[in-house]
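Have a look at the structure below, then the notes.
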There are 2 protein chains.
Amino acid sequence: MGVTIKDIAKRANVSIATVSRALSGKNKFNSEKTIKKIQALAKEMGYRKNTAAVELVTRSSKVLAVIVSATKTNFANPIIDGIHEEAYKHDLNVIISYAGEKEPQRQYEAIKTIIERSVKGILLLALDLSESSYKLLSESEIPYIFLSISNNRNIPFIASNDYLIGYQATNYLIGQGHKNIALAGLDTNSYIGKQRIAGYRKALIENKLVLRPEWITNGLFTYDDGLKTMKYFGKNPKITAVIACSDLVGLGIANQAVSLGLHVPTDLSIITIDGTNLCNLVRPTLTSLTQDFHQMGILGTKYLIGNDKNTHYSKFIDVKIEKRKSDCPLTRNNKLS
Amino acid sequence: MGVTIKDIAKRANVSIATVSRALSGKNKFNSEKTIKKIQALAKEMGYRKNTAAVELVTRSSKVLAVIVSATKTNFANPIIDGIHEEAYKHDLNVIISYAGEKEPQRQYEAIKTIIERSVKGILLLALDLSESSYKLLSESEIPYIFLSISNNRNIPFIASNDYLIGYQATNYLIGQGHKNIALAGLDTNSYIGKQRIAGYRKALIENKLVLRPEWITNGLFTYDDGLKTMKYFGKNPKITAVIACSDLVGLGIANQAVSLGLHVPTDLSIITIDGTNLCNLVRPTLTSLTQDFHQMGILGTKYLIGNDKNTHYSKFIDVKIEKRKSDCPLTRNNKLS
DNA sequence: CTGAAAGCGCTTACAG
DNA sequence: CTGAAAGCGCTTACAG
């Protein structure tokens, strides 16, 4: 086996307590000379701390757990980047587990495994937890927070306000003169979906426009949902603008629209929700209602670090509209207006 | 604190040894009745295993560590997916640490932290290790493997053969009739870069074409490198085809080419190296020399699981050309031919 | 089939 | 400033 503090203690002619102190920086009790000697010895002997032992005795660890829905979201990355960035500042490690959003069993296992370690906190990304998984989580006494998905159940989260997202995106297009506005690719049964629809409806009503259920297309925020949506709308869509509920949905719509012979934006304006880097990479670039995913990661991590376990903290993060090239004001040129 | 096996033992009127056995499935020694009783009790009392204690006593753990270069590669995801997929099958957890490729200090720390846990193995993604970091790693006695970057130093890896990549991509374009072929956006000082250049050169020479150093553009495989490359080639490029050393480079080149008024592929053919999903999403879709990143993750994980610590195993994974819409045979239409 | 006991490597009051 | 000792929660020969 490896070198232990016992080995070092023997060589240094001190007790293991002294070695432990010297090596973990609790130096107010040790003489500088001893410390130097021990540290040199540790290095020379190739000592490596046994984290398991430390965790066992201190009953805490320096790791943060992230549970991601296996459903590929292309915004998980900026969130995880934010988490890593903040975790690194505080000398914390990050464990990442995948849990299928639609696999309650795997979800449960993922949480269970995490809980069996004394992690400092748990970040749940884009995850819609089953009742039993949530119970397990909340009974663990480990602080946790949901990222990117809000709720109305007094469960801590950091997310965008999806009601506002629906509302602002719709208003933006209305402001461009559009009246026939679709809402595409969202999971209409999810909390997010319902909130966005509510905001969409509100904006329509305020502007005396009618919500047409057939202009809301159900989906799971995927590229294929975008393609399907546009195939369904067809080459002579009554709609002149669409709110895509993810960048991928927006891209699918744009690509399919072009395939159908439509021009984006003059025939069809698109605004996508999310605003990941993909929007800048494709042509035309996609106007987006941008969420600050990186910030979600940072704030979520900060919350867990400073968490006192009893404060149920939830926060909406501001979104902003980034104008790019996939939308334009409604003109005579639009197919139907 | 939480419930321990001691608490369960007391309630069940058995020894902690029995509880330990019953709970960890070493049941060949226990009576079924006792086992059932203990398991029921554990559940009822909300028992959760203390992983730190288990790791300490068994001197092993169920975690696999992944160290990723912080430099954003868009192929890290399929690799990590592959790792998770395989790890899940074997009931293993995955820790992910970021380490800057150009930050030796952070790299070193990342490895050190990982080594202080008794992880089952270490996967290094797209990482070019400094000498001291590598020393630390190799002295740890923990099995490790490099993914996506090969070497000629007897260090285990799973990667594509970059020499062949350069060779095949060049030959493919030559087969399309191109003679003025650029190689763009690669780190010419890296092992990967050198290998690709060597393959490129070889293909050119075999076809009696001259390698022009000014047609190789240096970079770090980024989108901006693609933009820059194309700005440098200008609107009347002598070259008629380019090998982009990543999908992002290829996309940058394509977008910039279009901005310059060139048509892709008739004015400029592009083949990109990597073949991530991005190639399917953009217009025109990008013909690619596709690497099987997912497979790298799976094979790397398998290797670590079955590893006997002494076998230095390295493997090249097959690549394939996926024809899409960003290239075409050289014709009179090409600006210069 | 089950229990007593040793021990994994470390930290931390406590005593000096 | 330093050491002896207890203990973190578990596993596993060993003995019965």
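We name chains A, B, ... by the order of the sequence lines, and we start the count at 1 in each one.
Stem regions for DNA chain C, each three or more consecutive Watson-Crick or G-U pairs with both distances under 3.5 Å and listed by first number, read C:1-3 with D:14-16, C:5-12 with D:5-12, C:14-16 with D:1-3.
Applying the side-chain contact (heavy atoms from CB on, under 4.5 Å) test between A:Tyr134 and each of A:Ile111, A:Leu129, A:Leu127 identifies A:Leu129 as the sole match. Looking at B:Val119, B:Ile142, B:Val63 one by one, the single match for side-chain contact (heavy atoms from CB on, under 4.5 Å) with B:Ile114 turns out to be B:Val119.
Within the 4.0 Å cut-off from OP1 or OP2 of C:dT2, not a single side-chain nitrogen or oxygen of B:Thr18 is found. Contact check, A:Lys6 against C:dC8: no side-chain N or O comes under 4.0 Å of OP1 or OP2. Between B:Ser15 and the phosphate of C:dT2, there is no side-chain N or O to OP1/OP2 separation shorter than 4.0 Å. Taking only side-chain nitrogens and oxygens, A:Ser20 never comes nearer than 4.0 Å to OP1 or OP2 of C:dC10.
With 3.5 Å as the limit, one finds no donor-acceptor pair spanning the side chains of B:Thr113 and A:Asn93.
A parallel orientation is assigned to the rings of B:His84 and A:Tyr98, their planes being inclined by less than 30° (bins at 30° and 60°).
In this structure the side chain of A:Leu23 reaches within 4.5 angstrom of the side chain of A:Tyr47, judged on heavy atoms.
Applying the salt bridge (Lys or Arg N to Asp or Glu O under 4.0 Å) test to residues at least two apart or on different chains, the pairs with a partner in residues 42-55 of chain A are A:Arg11-A:Glu44, A:Glu55-B:Arg117.
Taking atom CG of residue B:Leu56 and atom C1' of nucleotide D:dT11, one finds them 10 Å apart after rounding to whole Å. Between B:Lys36 atom NZ and C:dC1 atom P there is a gap of 14 Å when expressed in whole angstrom units. Rounded to whole Å, the distance from CG on B:Asn50 to C1' on D:dC10 is 8 Å. We find that CD of A:Glu55 is positioned 12 Å from P of C:dT11, with the value rounded to whole Å. Regarding A:Ile5, its CD1 atom lies at a distance of 16 Å from the P atom of D:dA5, rounded to whole Å. The separation between B:Leu23 atom CG and D:dT12 atom P is 13 Å, rounded to whole Å. Following rounding to the nearest Å, A:Ile8 (CD1) and C:dC10 (P) show an atom-to-atom distance of 8 Å. Atom pair B:Lys62:NZ and D:dT11:C1' shows a separation of 14 Å (rounding to whole Å applied).
For B:Ser61 (side chain) and B:Ser118 (main-chain N/O), a donor-acceptor pair under 3.5 Å exists by modelled atom type.
Between B:Thr58 and B:Asn13, the residue anchored nearer the 5' end of DNA chain C, judged by the nucleotide with its closest heavy atom, is B:Asn13. Between B:Val14 and A:Ala53, it is B:Val14 whose nearest contact on DNA chain C lies nearer the 5' terminus.
If you take atom C1' in C:dG16 and the same atom in C:dT12, they sit 16 Å apart, rounded to whole Å.
Salt-bridge formation is not detected for the pair B:Glu109/B:Lys112: no Lys NZ or Arg NE/NH1/NH2 atom is positioned less than 4.0 Å from an Asp or Glu carboxylate oxygen. Between B:Glu139 and B:Lys135 a salt bridge is recorded (basic side-chain N to carboxylate O distance below 4.0 Å).
Note on B:Asp7: nothing from the nucleic acid sits closer than 4.0 angstrom, heavy atoms only.
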Mind listing the N/O atom pairs, protein and nucleotides 13-16 of chain D, below 3.5 Å?
| from | atom 1 | to | atom 2 | distance (Å) |
| --- | --- | --- | --- | --- |
| D:dA13 | N6 | B:Arg21 | NH2 | 3.1 |

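Aromatic ring centres of B:Phe316 and B:Phe157 lie closer together than 6.0 Å.
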